[in-house]
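What follows is a set of notes on a single structure, which appears directly below.
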Amino acid sequence: QVQLVESGGGLVQPGGSLRLSCAASGIIFSINTMRWYRQAAGKQREFVGFITSGGMTDYAGSVKGRFTISRDNFKNTVYLQMNSLKPEDTAVYYCNIAAHWGQGTQVTVSS
């Protein structure tokens with residue numbers, strides 16, 4: 001059974017940073033592309049970025065240059081480093097692998 005568990009969310013001031021983690025189990029992590037999505041209240045879930053098995057990354061335009069995705073195949077974990085956070089980054093953040101989703105972690109950017 002595939003499990004994805006996100007962590008690291010919280011409340012941060014504008015301009016601050018957070019690092020989210022997503023730990024995977026029940027799947028051959030190293031060969032899969034990992035994706036991050038987010039969903040703000042009252043809005044549709046939107047793509048944030050991905051990292052391939054080979055470490056290639058790409059990001060949505062709204063976060064490019066501020067967010068960085070990395071992975072540790074030994075720990076079966078993918079990370080989302082978020083810098084220069086803005087209030088509009090407030091959302092529940094989800095990791096995704098194939099058809100599987102985590103439960104999400106709340107990020108709130110507010111002064």
With sequence neighbours left out, write down each residue that passes salt bridge (charged side-chain N to carboxylate O under 4.0 Å, His left out) with Lys64, or none if nothing qualifies.
->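 If we apply the salt bridge (charged side-chain N to carboxylate O under 4.0 Å, His left out) test to Lys64, skipping adjacent residues, the hits are Asp58.
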Of all residues at least two apart in sequence or in a different chain, which pass the salt bridge (charged side-chain N to carboxylate O under 4.0 Å, His left out) check with Arg45?
->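 Expected list: none.
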Starting from the C-alpha separation in whole Å, work towards a yes-or-no answer on side-chain contact (heavy atoms from CB on, under 4.5 Å) for Thr105 and Val92.
-> CA-CA 5 Å; Thr105 185; Val92 178; 5.9 Å; no
Sort and list the pairs that fulfil disulfide (SG to SG under 2.5 Å) and have at least one residue in residues 59-111, not counting sequence neighbours.
->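 Listed by first then second residue: Cys22-Cys95.
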Keeping to residues at least two apart or across chains, list the disulfide (SG to SG under 2.5 Å) pairs with something in residues 46-89.
->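 Every pair satisfying disulfide (SG to SG under 2.5 Å) with a residue in residues 46-89: there are none.
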[X] versus [Y]: any side-chain heavy-atom pair under 4.5 Å?
| X | Y | answer |
| --- | --- | --- |
| Glu46 | Gln39 | no |
| Tyr94 | Val48 | no |
| Leu11 | Ser110 | yes |

Under the side chain to side chain contact (heavy atoms under 4.5 Å, CB included) rule, collect the residues that match up with [X], sequence neighbours excluded.
| X | result |
| --- | --- |
| Ser7 | Ser21 |
| Ala40 | Lys43, Ala91 |
| Ser111 | Pro14 |

Decide side-chain contact (heavy atoms from CB on, under 4.5 Å) for Asn32 and Ile27; before the verdict, give the C-alpha distance in whole Å, the side-chain angles of both, and the deciding distance to 0.1 Å.
-> CA-CA 9 Å; Asn32 280 278; Ile27 195 167; 4.0 Å; yes
Give the cluster check for Tyr59 versus Tyr93: same hydrophobic cluster or not, with ILVMFWY residues linked at side-chain heavy-atom distances below 4.5 Å.
->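 As far as the 4.5 Å side-chain criterion goes, Tyr93 and Tyr59 are connected within one cluster.
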Tell me whether Trp36 is reachable from Val2 by hopping between hydrophobic residues (I, L, V, M, F, W, Y) whose side-chain heavy atoms are closer than 4.5 Å.
->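 The answer is yes; both residues are in one hydrophobic cluster.
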Where at least one partner belongs to residues 18-27, residue pairs that pass salt bridge (Lys or Arg N to Asp or Glu O under 4.0 Å), sequence neighbours excluded |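 Sorted result for residues 18-27: empty, none.
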For residues 88-102, pull every pair meeting salt bridge (Lys or Arg N to Asp or Glu O under 4.0 Å), keeping only residues two or more places apart or in separate chains.
->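 Found Arg38-Asp89, Arg66-Asp89.
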Mark yes or no for whether Thr90, through its side chain, and Val109, through its backbone, hold a donor-acceptor pair below 3.5 Å.
->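 Here the side-chain-to-backbone pair exists.
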With sequence neighbours left out, write down each residue that passes side chain to side chain donor-acceptor pair (under 3.5 Å) with Thr108, or none if nothing qualifies.
->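 With sequence neighbours excluded, Thr108 shows a side chain to side chain donor-acceptor pair (under 3.5 Å) to Gln106, given in chain and number order.
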CZ of Phe67 to CG of Leu18: how many Å apart, nearest 0.5 Å?
->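 Between atom CZ of Phe67 and atom CG of Leu18 there are 9.0 Å.
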Which pairs of donor and acceptor atoms, one on a side chain in residues 74-82, lie under 3.5 Å apart (sequence neighbours left out)?
unit_1: Thr77; atom_1: OG1; unit_2: Lys75; atom_2: O; d: 2.8
unit_1: Gln81; atom_1: NE2; unit_2: Asn83; atom_2: OD1; d: 2.9

Taking ring pair (Phe, Tyr, Trp, His ring centres under 6.0 Å) as the test, write out the residues that go with Tyr37, two or more places apart.
->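 Ring pair (Phe, Tyr, Trp, His ring centres under 6.0 Å) list for Tyr37, sorted by chain: Phe47, Trp101.
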Closest approach of Leu4 to Met34 (non-hydrogen atoms, all atoms of both residues) |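 Taking Leu4 first and Met34 second, the nearest heavy atoms are CD2-CE, 4.4 Å.
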Taking all atoms of both residues into account, what is the closest heavy-atom pair of Ile51 and Ile69, and its distance?
->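 Smallest interatomic distance, heavy atoms only, reads CG2-CG2, 3.5 Å.
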